[in-house]
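Step one of this worksheet: look at the structure below.
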Amino acid sequence: MKKSTQQNLFLLAAIGLICVLILVLFSFMMPEKPVFKEGNISNDVNASDPQEDLPVVVIDPGHGGYDEGSSSESGVVEKELNLEIALKVRDLLEENDIHVVMTRDSDEVSWSDDNVEDLQARLDIAANADALMLVSLHCNISEEDPENVKGSEIYVNTSQSDSVALAEALNAQLETLSPALVSRGIKTGQFHLLTYNTLPCVIIEMGFLSNADDVAYLTETDTQDQLCNAIVEGILSQIKTDA
């Protein structure tokens with residue numbers, strides 16, 4: 001073999017060895033591909049939401065946005081008080097493993113100022129949430145006899161047995177607040193929210209803003225908490241009954 005040929009072969013062998021060394025070195029520098037085993041966290045977009053298995057309840061703080069509702073002589077505005085109590089009810093329900101959908105969680109509302117469209121938007125939220133029930137929170141007012149007319153009331157469409165059962169469960173808890181907050185019982189209502197609902201629905205008139213005693217009960221922290229607990233216990237009781 002000629003010397004030049006030997007030199008060429010040696011050069012090719014050297015180049016080949018260098019290439020192999022580079023490949024080996026590069027393989028050690030590459031990050032290890034993660035291996036997901038059973039029980040590891042997955043980035044699957046279809047992974048189920050833990051809340052999917054929880055019962056769903058819709059809480060509707062009445063009025064809001066353009067609609068202030070009623071108000072007390074001392075300046076308590078219904079839409080603000082409804083929301084304050086509704087948020088407490090939401091938190092208590094979530095502590096009891098209930099997934100709560102709020103029709104609004106601030107003073108902002110996304111629907112128009114048409115009253116029917118407003119109420120229907122709340123019903124649509126409840127229907128789309130696949131909820132067990134819709135509980136709407138309001139405050140009442142009496143212009144005829146503000147000093148003597150006081151207490152809570154629950155309005156329901158009495159032709160809907162599921163709604164009546166919910167009203168009865170809630171009223172049983174509200175009655176425990178008497179005499180501090182008198183229960184005026186269950187009343188028949190023909191309101192849009194009660195007529196066109198597709199799931200059990202009630203309107204709780206939590207007290208009269210025209211009555212000073214009720215205003216104090218609804219706004220003082222301790223008694224407001226008692227009311228929130230009573231509403232939550234009524235809801236939980238009905239969920240347990242239906243389970």
Side-chain angles (χ1 to χ4, degrees), residues 58-93 102-119 121-122 134-156 167 170-194 201-235:
V58 176
I59 300 297
D60 171 44
H63 307 285
Y66 69 94
D67 182 6
E68 291 190 350
S70 57
S71 60
S72 72
E73 287 188 357
S74 59
V76 176
V77 179
E78 182 186 359
K79 68 171 184 177
E80 297 172 358
L81 184 56
N82 292 343
L83 179 60
E84 180 181 343
I85 293 174
L87 290 173
K88 283 188 175 182
V89 169
R90 177 199 64 186
D91 293 346
L92 288 170
L93 286 171
M102 303 283 289
T103 57
R104 65 181 183 96
D105 57 10
S106 72
D107 192 40
E108 300 295 324
V109 294
S110 59
W111 45 79
S112 77
D113 59 4
D114 178 84
N115 184 251
V116 173
E117 291 182 7
D118 177 319
L119 295 171
R122 299 168 195 260
L134 167 61
V135 177
S136 186
L137 303 180
H138 288 255
C139 294
N140 220 329
I141 193 167
S142 171
E143 297 178 353
E144 297 179 359
D145 191 8
E147 291 186 5
N148 296 311
V149 178
K150 58 192 294 187
S152 64
E153 300 176 334
I154 299 179
Y155 283 87
V156 65
L170 286 162
N171 190 60
Q173 295 299 321
L174 293 180
E175 286 179 339
T176 66
L177 304 176
S178 184
L181 182 67
V182 178
S183 171
R184 294 167 57 88
I186 298 171
K187 300 181 180 297
T188 301
Q190 300 298 326
F191 307 113
H192 185 97
L193 209 65
L194 302 177
C201 177
V202 298
I203 296 174
I204 303 178
E205 296 283 358
M206 299 178 289
F208 283 77
L209 293 185
S210 51
N211 182 275
D213 291 338
D214 277 5
V215 171
Y217 189 95
L218 294 172
T219 56
E220 291 177 4
T221 301
D222 290 345
T223 49
Q224 187 185 86
D225 289 346
Q226 291 173 12
L227 172 62
C228 293
N229 280 314
I231 292 171
V232 169
E233 286 300 320
I235 291 171

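Numbers here are sequence positions counted from 1. Computed from a predicted model, the values in this text were never measured in an experiment.
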Can you check whether Glu153 reaches Phe208 side chain to side chain, under 4.5 Å on heavy atoms? yes
What distance do Leu83 atom CG and Ile59 atom CD1 have between them, rounded to the nearest 0.5 Å? 12.0 Å
How long is the gap from OG on Ser142 to CD on Glu147, to the nearest 0.5 Å? 10.5 Å
Between Arg184 and Gly207 (side chain of the first, backbone of the second, donor and acceptor by atom type, cut-off under 3.5 Å), is there such a pair? no
Taking Thr223 for its side chain and Tyr217 for its backbone only, find out whether a donor-acceptor pair lies under 3.5 Å. yes
For Gln173, is there any backbone N or O sitting under 3.5 Å from a side-chain donor or acceptor partner on Thr176? yes
Can you measure from CD (Glu78) to CD (Glu205) and round to the nearest 0.5 angstrom? 6.5 Å
Quick one: closest heavy-atom pair of Ile203 and Phe191, and the distance? CD1-CD1, 3.9 Å
Heavy-atom nearest pair, His63 first then Asn82, reads CD2-ND2, 3.8 Å
Would you say the side chain of Asn229 lies within less than 4.5 Å of the side chain of Leu92, judging by non-hydrogen atoms? yes
Could you tell me the separation between the CG atom of Leu194 and the OH atom of Tyr155, rounded to the nearest 0.5 Å? 10.5 Å
Can a donor-acceptor pair be found, under 3.5 Å and without considering hydrogens, that links the side chain of Asp107 to the backbone of Gly65? yes
Check whether any side-chain heavy atom of Leu209 lies under 4.5 Å from a side-chain heavy atom of Asp214, and answer yes or no. no
Nearest heavy atoms of Ile154 and Ala167, plus distance in Å: CD1-O, 3.6 Å
Quick one: does any side-chain atom of Asp60 pair with a main-chain N or O of Thr103 as donor and acceptor, under 3.5 Å? no
I want to check something: taking the side chain as every heavy atom from C-beta on, are Gln226 and Leu177 in contact at a cut-off of under 4.5 Å? yes
Indicate the atoms forming the closest heavy-atom contact of Leu218 with Leu81, along with that distance. O-CD1, 3.7 Å
Taking side chain to side chain contact (heavy atoms under 4.5 Å, CB included) as the definition, give me every residue that meets it alongside Lys88, ordered by chain and number, with sequence neighbours left out. Thr221, Gln224, Asp225, Cys228
Under 3.5 Å: donor-acceptor pair, side chain of Arg104, backbone of Arg122: no
Interatomic distance, CD1@Ile204 vs CD1@Ile231, rounded to 0.5 Å, equals 4.5 Å
Hits for side chain to side chain contact (heavy atoms under 4.5 Å, CB included) against Glu80, two or more places apart or cross-chain, chain-then-number order -> Val77
Between Glu175 and Asn171, is any side-chain donor less than 3.5 angstrom from a side-chain acceptor? yes
CG (Asp118) and OG (Ser112) are apart, to the nearest 0.5 Å, by 7.5 Å
